[in-house]
Amino acid sequence: MAEKKFLWGAATASFQIEGGVNEGGRGPCIWDAYCRTPGRVANMENGDIACDSYHRYMEDVKLLKELGVDSYRFSIAWPRIQPNGVGEANPEGIAYYNKLIDALIENGITPFVTLYHWDLPLDLQICHDGWLNRSIVDKFVEYAKICFDNFGDRVKHWITFNEPWCVSLLGYGTGSHAPGRKSDIEAYQAAHNLLLAHAYTVKLFRENKYDGIIGITNNTEWKEPMTDSADDIEAAERAVTFDFGWFTDPVVFGDYPQVMKERVGHKMPKFTEEEKALLKNSVDFIGLNHYSTKYVSNTPVEGCLEKSGNIYDDPDVYSWIDPEWEKTQMGWSFVPWGLNKLLKWIGKRYNNIPIYITENGCATEGIDDDFRCRFLTQYIDATLEARDKDNVNVAGYFCWSLLDNFEWAYGYAKTFGIIACSPQNTDRVPKKSYYTYRDIISRNR
Ligand code: GBH
């Protein structure tokens with residue numbers, strides 16, 4: 001099933017770019033409500049306008065074409081398809097994505113579609129407890145079926161979930177993302193239902209014989225052992241396993257990682273034998289979102305980060321950030337070799353399964369974004385080295401992001417785009433890195 005051609009791409013997500021929140025019959029989502037809750041999002045910014053891609057999507061397609069990408073990763077807003085999360089498909093929502101998909105294909109760009117990038121229909125949260133309620137599994141499968149039936153003739157690359165780690169841990173564990181809950185139990189419960197929704201969606205996809213490939217996108221930093229002591233090596237392994245293995249072991253091996261069951265199993269729901277069988281090998285590829293690296297040790301070291309006092313501490317490790325490392329606008333460290341090591345780790349643990357880097361990039365200021373030019377160049381070098389020297393099965397690379405957009409709790413202050421854009425001025429202005437990325441693509445093709 002895996003394709004041979006390396007896909008060069010750029011990525012976005014519906015809530016972060018579309019705007020038009022009250023148009024085309026779209027219902028409200030949990031982020032619309034979260035943005036209106038004081039103290040949640042910087043400057044109380046919201047997604048009402050964002051990049052206005054709901055109206056200006058043809059400009060996005062044109063810029064993608066000039067960039068020379070093979071593929072565009074975008075997400076479908078569930079509340080455009082089913083305004084309340086259940087029932088008949090909304091024809092205007094279907095029409096919007098039909099137009100986008102057709103425009104991409106006419107321009108030779110492969111659509112790579114995420115079904116869920118965090119914009120849960122609000123009604124499902126308020127009246128049904130969102131990802132905490134097992135009933136969401138069937139609801140998600142119904143939504144996915146509408147998408148497969150309407151777009152599957154042209155879309156051959158599907159991602160069920162973007163970063164279920166963020167949905168669970170940030171949404172239900174620490175509360176820094178919508179719906180803003182703070183409970184370990186809820187985070188593990190949400191994770192469980194996300195994984196089951198993934199498994200039943202893939203079951204449907206395969207049983208109904210839709211044409212194409214389907215996977216999940218998971219995120220993690222690389223965790224480098226602080227020293228070569230056995231304890232630190234194990235701590236680093238444990239940290240990556242808690243982040244990435246939490247959602248990747250189940251979809252490849254059929255269950256949560258052993259180390260999680262041993263340490264936090266009392267807080268986690270368990271899969272039945274039937275669910276395990278369904279989860280096992282429920283991906284054709286793994287999507288990886290990767291941004292940064294930290295050192296990890298088993299015992300505290302001078303200058304290490306404070307513990308968080310919440311679910312973040314569950315891996316029971318200490319993190320240390322090298323002060324010498326360059327930092328992005330988010331404060332995240334620029335460490336390209338971390339991606340190289342992570343790709344090798346994933347390839348080894350998951351039997352050389354195909355990997356798409358579905359997001360990589362950085363926040364930095366300005367149009368003359370030399371920092372981003374270096375960032376992309378070096379992270380792409382690290383990617384191609386893993387593929388060519390270490391035979392890791394990397395099948396594509398998507399830059400995050402095509403546009404400056406709504407950066408969740410940070411609002412519009414953090415800019416990840418290779419093209420400038422803001423709600424105040426939605427004209428698109430390519431940055432220096434847009435041209436650098438264009439050159440990288442044309443050179444490596
Ligand atoms: C992705 O999430 C999202 O998919 C995307 O929508 C978003 O715009 C993009 O990244 C940029 O943020 O605070 O040093 O401990 C990012 C997932 C998870 C990456 C937490 C950073 C913690 C770094 N993030 N991780 S740190």
Side-chain angles (χ1 to χ4, degrees), residues 10-18 29 31 34 41-42 45 47 50-51 73-75 77 112 114-119 159-171 173-174 176-178 187 216-224 239-240 242-244 246-247 287-296 304-308 310-315 317-323 325-335 338-339 342 356-364 372 375 379 398-418 421:
T12 62
S14 46
F15 190 79
Q16 295 179 273
I17 66 160
E18 283 180 3
C29 78
W31 273 93
Y34 193 76
V41 174
E45 286 171 326
C51 305
R73 173 178 178 237
F74 64 94
S75 76
F112 211 119
T114 312
L115 289 169
Y116 186 80
H117 200 128
W118 310 353
D119 35 9
I159 295 166
T160 52
F161 290 103
N162 180 69
E163 301 185 347
W165 182 95
C166 290
V167 177
S168 315
L169 195 138
L170 303 179
T174 68
S176 55
H177 279 185
I216 194 167
T217 277
N218 290 331
N219 61 293
T220 186
E221 300 178 325
W222 173 244
K223 315 285 187 177
E224 179 71 9
V240 187
F242 266 73
D243 276 11
F244 198 73
W246 182 9
F247 295 96
L288 168 67
N289 289 359
H290 173 77
Y291 288 91
S292 193
T293 285
K294 288 193 181 101
Y295 279 102
V296 159
C304 66
L305 303 180
E306 301 274 323
K307 292 268 167 151
S308 309
N310 56 35
I311 189 172
Y312 258 116
D313 299 339
D314 278 5
V317 300
Y318 294 85
S319 300
W320 185 78
I321 296 171
D322 191 333
W325 285 339
E326 280 185 86
K327 304 295 185 293
T328 73
Q329 197 188 21
M330 298 293 280
W332 302 347
S333 308
F334 173 20
V335 192
L339 175 55
L342 175 60
Y356 287 94
I357 297 177
T358 42
E359 286 179 28
N360 172 246
C362 64
T364 184
R372 181 178 287 106
F375 189 102
Y379 272 84
F398 290 76
C399 158
W400 183 271
S401 179
L402 181 69
L403 303 160
D404 289 341
N405 59 47
F406 176 76
E407 180 50 30
W408 307 112
Y410 296 90
Y412 294 93
K414 308 291 181 197
T415 46
F416 276 90
I418 56 174
C421 188

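Just so we're clear, the structure is a prediction, and the values are computed from it rather than from any experiment. Read the numbers this way: they start at 1 and go in the same order the structure lists the ligands and their atoms.
Interatomic distance, NE2 of His117 versus CZ of Phe74, reported as 13.5 Å (0.5 Å rounding). The NZ atom of Lys294 sits 15.5 Å away from the OH atom of Tyr318 when rounded to the nearest 0.5 Å. To the nearest 0.5 Å, atom OG of residue Ser75 and atom CD of residue Gln16 are 8.0 Å apart.
Protein residues with any heavy atom under 4.0 Å from ligand 1: Gln16, His117, Trp118, Asn162, Glu163, Trp165, Cys166, Asn219, Glu221, Asn289, Tyr291, Lys294, Trp332, Glu359, Trp400, Glu407, Trp408, Phe416.
A search for side chain to side chain donor-acceptor pair (under 3.5 Å) contacts involving Asp119 returns Ser14, not counting sequence neighbours.
A ring-centre distance under 6.0 Å is found for Tyr295 and Trp325.
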Take Phe161 and Phe247 through the ring-ring contact (aromatic ring centres under 6.0 Å, His included) test and state the conclusion after the steps. CA-CA 10 Å; Phe161 290 103; Phe247 295 96; 9.4 Å; no
